[in-house]
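To start, the structure itself, in structure tokens.
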Amino acid sequence: MSDGAPIFELAELSVSRPGAVLPELDRFSLLLGAGESVVVLGEAGSGKEALMRVLGGFTEKSDAISGTIRLGNGEPRPAARRLRPAIRIAYLPSPLAQPFAPHATVLSQLSRVVARKLGSPQESAQEELRLALERMDGAPPLSSLNKKPAELNPVTMAWGLLAAVSAQTPDLVLADHPLADLGPTSVRMLLGVLAAEQKRLGFALVYATGGLQPATRLGGRVVVIREGRVVEEGDAVRLASGHAHAYTRTLYRALPQLSLDRPKARGAPRGQPLLQVHGLDLLADPKRGTRQGLTFELRRGASLALIGEEGSGRRALVRAVLGLDRAPVGRVVFDAVDLNILSQTMTSRLRRRIAFITGADDALDPRMTLWDTVDEPLRAHLDLSGDLIAGYREGALKRVGLASHDGRRTVATLSAFDRRRLQVARAIVGAPLLVVVDEPLRGLDAFAQTIMREVLTDFRTHQEPAFLVVTSDFTVAQARADEAMVFKDRKVVERGAIVDMLRAPKEKVTRRLIEAVTLPDLSRAPASV
Amino acid sequence: MSAAFDSPPHAAPMLRVILRVVGWCGLGLIAGAVALSDFLAHAPAGAANAGSILDAPSPAHPFGTDLLGRDLLSETLHGLSVTVGHALLGTIVAIVLGGLFGAVAARLPRPVGLALRGVMDVFAAIPALLLGILVIGLTARLYAPLAAGLAAAPLAFVRAFDRVDTKSTHAEYARATGISAATLLRRDLTYEFRDTLATVTARALAAVTIILSTVSFLGFGATPPARDLGLMIAAAKTSYLHAWWTAAAPAFALLILILCARLAAGLDESERP
Amino acid sequence: MLNYAARQTGRLALGLLGAVVVAAVISAIAVPRAPGLAPFLAAVGTRLVDFARLDFGTSAISGLSAMDELGRRIPATLALVLTGTGVALIVGAPLGLVFGAGPLRRSAAPLMQIVAAAPVFCAGLALAYGAVHLLHWPVSINAPVRSAAPIFSSNARDLQLAALPMLMVGLAGAAAVQLALRRAAADSARGSYRAGLRRMGLSVIEIEWVYAAPLVIAGLLASAGEITLALLSAAVVAEWVFHRPGAADLFVKSVALQDWNMAALILFVFAALTFVVDFLGRLGAHALANEGKPS
């Protein structure tokens, strides 16, 4: 499969940590040729991380490692021994893994990294970085990196990390979930640049990911691993085709396609309007004169998607609508009550009929137990007996698949996936009229995404609350809603039925967002959108 | 993934657990010794001329005797029980007025909470020892345990106040779904106290014991005939340079008490004393 | 930075104001007045006005103006605290750095607990015992020093007499310094940037030196207020144990003899000192690492 000389060869590699029952990697073998790329696809804890550690040479002392590794033209040697590699290896982390020290600028840290790798002074390393950024299509200027990590948005940071990798002119790039959760448009653009840089510099690429975007976009070889073993290895197209291992098929179910068919009617529109927004203006500057505000209506059981990039104003709208931030202009009527004229107490009473399911991992109190988290809305708002509460709780936990978990575990000890499902359970018991679903799949690997989608669909069908879906992903929007508003710079630029947008997007933003989730070269993918 | 880098689980926190258990066991033993002090002691508290003056440790008087011929083992046991009793009282004051009040104040309307914290900040800038001395000076030596608790309270208040994260995402989501401030406060109290009550108590016990014994040592604490360890050490000042055992026994008891309390509080460096 | 400095200055001003009020309340006790709350509040008001005119009343013990009395006593205390700070940094910093990072960290924690469990006065008495029996130095435990021996003196006996309280304050400070350092090191060890930068190719030493060290030093600076509290507390005990006539010793005597003017003034000075050091520490920490504790 490799046309060039091998860049590395792993044979029978096993990695385990002290005290762990299962090894992280179990007799794993992989050969990669120069200039080739391989996508390592798996859930969290599948062993991708251990593979990165061994390849990058940053294993921990406590790791028990067996098997051999051969780098470049060298001899195979025990993987446990850490030697100076014969090839240049560059590491590409995710900006969301907070790889930078908080009190120094990203630029200075990247320059230091490049300088160390090239053995050059920092000034010339910085120059290399500047050149690398200038080469890349759509990259921000070097000066934008001259900020501390907290002041920089993750996408800009990802550009910087990519430029630093490119400036190192490496033989092998270890991409460790570098673009996870950056939003489809950015992911698409950065993946394109990564592929272009690979072509130009001819480095080999190992791309570890839990999501399917990279696997389908980069193409080439995909290795599916689970519990430290290779489930399947093959061409991206074949794996997506449905003629694959059952586990792979489950993963690929997380890759819903955009559909151009009119949706089946999701039941009749249920009469009463639930949420009415009149003339709401997010660009709150009364001095600049009134602008035409935003007006829309959400009926009971209906759903609406708010689509846009990070910072485009979707969340600001939700906050204003729910009265968390008071919008200076406009009127919001929830359940036939004007929120602007209500007292704090009354608003908070109304808010009981609202639930949130969000991609923020800290949306639940980490100190609470699993049971308490589900019980709290019931205890706080209703006067129910303990048995009744336990019954509701059991039902909700069963629906999201958490019933077998020990209910006395604290939220802090749960995985991101479990916490996400727990949010749904908490929402279910509250019998909400309106559910705000905010990037519900963020940070989840493909397997968890599949389950989460099913859980949400089940919630919707059973309780029929209205959904307000905040997302940057048209596929997520289409799965949950029929109508959408597209946001840019805190303004709505396009609104209407999602299918109409997919067929004929009017705005450039809409088109870019749709293109970002339209996947190429897959047999199941629609021919063109 | 958005989580930070994977790193191996920290090498067994066993040592920490063992030391905590040792600390609590030590406190348990001390409590036992205090409860049984009247049985364990050779002589009633303050009984002069139980032996001859300044006897070195011997089988008859394992810890020796002091300037008045009192048996130091008995005196140390009695002193320990006075110190422990007073320190527990002070600890309760410190926890209620400091920790509990601080946690509640953080959930009060922001201006009120911040005003309270400002006031406590002023008291927290005064060394707790001086604050304790001042309170005793203003009231009476009888109130030394309360004063020690009061002296430790401002710092405890400030820390408990700062521990409450009013801007946390989960609290915001809870408010957005109609969970009231009272429920959030109940959460703080339930979970913080479940997780930290033992630690906080042990830590406060150590702090209050130090303040209390120092205050007594300086002559502001326990009043004879109730002699606590600080007062015993102060009385031994004149004799200990040539009869080391007069100070050694009470100092050792004090040291063990504080050490056990500190071990029981755990070894987390990130926690403030 | 400016924003932070402004906020901290405001905090400092409020703190000092609060300390003045507390001092006024204490010193109002000494004012002869009718019983009841209103006359007392009036007395507090009078004292505040007096304070504004820099009139801090007279000492009930010596009959001197409280300001003059403090002026006579405070240099000894400040010298004690300053030399103690030196000892604290010299002893505490290496301890904190050695035990805060590296392989010794875990085994050091229990050891430190044992050492730090000793109350200051016990440590002082133990030091004195050692000095008498091992070094054969004179100590001033049971006899007041007649001539207020200056802390910096050419006389060997004076130096020996001064060394013990200095050491005692220093050790108490060292305990606080090493704790602050270990805490800062533990905080900084949690940062994911170590792993991130290491994987991207920086050496461990480079990461520690360039990125971690400023955070640890900032952590120490941010704890400056706490360390000051430890030093001042130790100074009180040291002056009392070793009969050194300083301001801290004067405070104890003033409270014992109900000289509230004097006690109020000393308390104010100590609180102000803590506030100012805390303020400077926070600014330094912020400048170094953008990491002041939340106010």
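Chain A is the first sequence line, chain B the second, and so forth, proteins listed ahead of strands; every chain is numbered from 1.
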Side-chain ion pair, C:Glu226 and C:Arg183, N-O less than 4.0 Å: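 So C:Glu226 pairs with C:Arg183 through a salt bridge.
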
If you measure from the Lys or Arg side-chain nitrogens to the Asp or Glu carboxylate oxygens, is any gap between B:Arg163 and B:Asp188 under 4.0 Å?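 No, B:Arg163 and B:Asp188 are not salt-bridged.
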
[Y] side chain reached by [X] side chain, heavy atoms, under 4.5 Å:
X        : Y        : answer
C:Arg11  : C:Asp278 : yes
B:Val84  : B:Leu88  : yes
B:Thr209 : B:His86  : no

Check whether [X] gets within reach of chain B through its side chain, its backbone, both or neither, counting any heavy atom under 4.5 Å.
X        : result
C:Phe251 : side chain
C:Val252 : both
C:Ala256 : both
C:Ile26  : side chain
C:Leu273 : neither
C:Ala272 : neither

Please check: side-chain N/O of C:His133 versus main-chain N/O of B:Leu241, any donor-acceptor pairing under 3.5 Å?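 Yes; judged by distance alone, with no hydrogens or angles, the pair exists.
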
Please check: side-chain N/O of B:Tyr240 versus main-chain N/O of C:Leu125, any donor-acceptor pairing under 3.5 Å?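 Looks like yes, one N/O pair under 3.5 Å.
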
Residue among [options] with most heavy-atom pairs under 4.5 Å to chain C:
options                                : answer
B:Ile233, B:Leu138, B:Ile211           : B:Leu138
B:Leu218, B:Leu129, B:Thr214, B:Ile258 : B:Leu218
B:Asp121, B:Val119, B:Ile210, B:Val158 : B:Asp121
B:Leu259, B:Ile126, B:Leu130           : B:Leu130
B:Ile256, B:Leu255, B:Leu131, B:Ile136 : B:Leu255

Using a 4.5 angstrom heavy-atom cutoff, name the option from [options] with the most pairs to chain B.
options                               : result
C:Gly225, C:Ala248, C:Ser233          : C:Ser233
C:Leu231, C:Leu17, C:Leu229           : C:Leu229
C:Leu232, C:Leu14, C:Leu267, C:Val237 : C:Leu267
C:Phe121, C:Phe268, C:Phe270          : C:Phe121

Euclidean distance, [Y] [atom2] relative to [X] [atom1], rounded to 0.5 Å:
X        : Y        : atom1 : atom2 : value
B:Met120 : B:Arg159 : CE    : CZ    : 13.5 Å
C:Ile207 : C:Leu197 : CD1   : CG    : 5.0 Å
B:Leu263 : B:Leu19  : CG    : CG    : 5.5 Å

Ring centers of C:Trp240, B:Phe217 separated by less than 6.0 Å: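 Ring centres of B:Phe217 and C:Trp240 closer than 6.0 Å.
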
Chain C contact via B:Ala248 - which portion, at a heavy-atom distance below 4.5 Å: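 Interface part for B:Ala248: neither.
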
Under a 4.5 Å heavy-atom cut-off, does chain C meet the side chain of B:Leu254, its backbone, both or neither?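 Contact with chain C is through the side chain of B:Leu254 alone.
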
